[in-house]
Protein chains: 2
Amino acid sequence: MDDDQVFKALADSTRRHLLDRLFERDGRTLTELESELEMTRFGVMKHLRVLEDAGLVVTRREGREKLHFLNPVPIRLVHDRWIDKYTEHRVAALADLKHQLEETA
Amino acid sequence: MDDDQVFKALADSTRRHLLDRLFERDGRTLTELESELEMTRFGVMKHLRVLEDAGLVVTRREGREKLHFLNPVPIRLVHDRWIDKYTEHRVAALADLKHQLEETA
DNA sequence: ATCTTACGTGACCAAAAGGTCACATGTCAA
DNA sequence: TTGACATGTGACCTTTTGGTCACGTAAGAT
């Protein structure tokens, strides 16, 4: 769960998309995640490996399947690196505002 | 302030170091930030440009100097993408625990 | 036993990113 | 106005990364 691995893992849009899918619903298999993407199984597997090495995804084997789960803790640590407790309220309010503006747009 | 630009900007350790410096104290110039790094001015300038394009750093010209300021809002948006309000408390508690463990280690 | 399904590895290639340099513009001071 | 300082641009090279493929292992179904 090294710093650099986390940030590098988040830098690719395909990997972020995979995290989005797991955020919607956990416990998916490689095959299931692959079916949604315009990419070979090998590409998706590589991406999942990067996410797992970074600690953003944890896995559990179930027979011949491998189930993938999202781990949000490293993302919170990213947050805490540049947002201290004193400014968090103000920044969170600005972020909420942005979310609302995007909903109505 | 595009998604991809933010994540790509955070993916490099030199750029994260620059954000750390600005987190400590805002309003630094290129020359000041350069002096702390084992890199030519041109490299640092490129990195600052990437951070600025991503919206993580905002700047103001002051005569022949350019002052750099940290903008934490995009980082909060990263947080909100995969940590909803319901799980935030639990995850924040885990992250705090990790911070404490690192202090005593 | 054998066939299918699901995951895994290493080599390989093309595209993107990090870093440096020659050269250039604008600003302040004497 | 001359010189020093602070920032800026485009070309260039090297390293890293994203993606595919041939080949391989292992678990469930028939």
Taking dA6(C), dC21(C), dC7(C) as options, the one with an atom nearest any side-chain atom of M45(A) is dC7(C)

Per atom distances to the K46(A) side chain, the nearest of dG8(D), dG18(C), dG19(D) is dG19(D)

To the nearest Å, give me how far apart CG (L37(B)) and C1' (dG19(C)) are.
-> 13 Å

Of the candidate nucleotides dC23(C), dG8(C), dG19(D), which contains the atom at the shortest distance from the side chain of R41(B)?
-> dC23(C)

To the nearest Å, how far apart are Q5(B) CD and dA17(C) C1'?
-> 14 Å

Specify the separation, in whole Å, of atom CZ of R49(B) and atom C1' of dG10(D).
-> 12 Å

Between dT20(C) and T40(B), is there an OP1 or OP2 to side-chain N/O distance shorter than 4.0 Å?
-> yes

From the list dG18(C), dG28(D), dT20(D), which nucleotide is the closest neighbour of the side chain of F42(A)?
-> dT20(D)

Would you say a side-chain N or O of T31(A) is under 4.0 Å from OP1 or OP2 of dC7(C)?
-> yes

Evaluate salt bridge (Lys or Arg N to Asp or Glu O under 4.0 Å) for D20(A) paired with R16(A), printing each intermediate quantity in order.
-> CA-CA 6 Å; D20(A) 289 339; R16(A) 293 196 297 275; over 6 Å; no

Indicate, with a heavy-atom threshold strictly under 4.0 Å, whether R61(B) touches base, sugar-phosphate, or nothing.
-> sugar-phosphate

Quick one: label G43(A) by what it contacts on the DNA or RNA (base, sugar-phosphate, nothing), any heavy atom closer than 4.0 Å.
-> base

In terms of side-chain heavy atoms of R64(A), which of dG18(C), dT5(C), dT7(D) is nearest?
-> dT5(C)

Are H47(B) and dA17(C) close enough that a side-chain N or O sits under 4.0 Å from OP1 or OP2?
-> no

R15(B) has its side chain closest, among dT7(D), dC7(C), dG18(C), to dG18(C)

Determine the contact category for M39(A): base if any of its heavy atoms lies under 4.0 Å from a base atom, sugar-phosphate if only primed atoms, P, OP1 or OP2 are that close, otherwise nothing.
-> sugar-phosphate

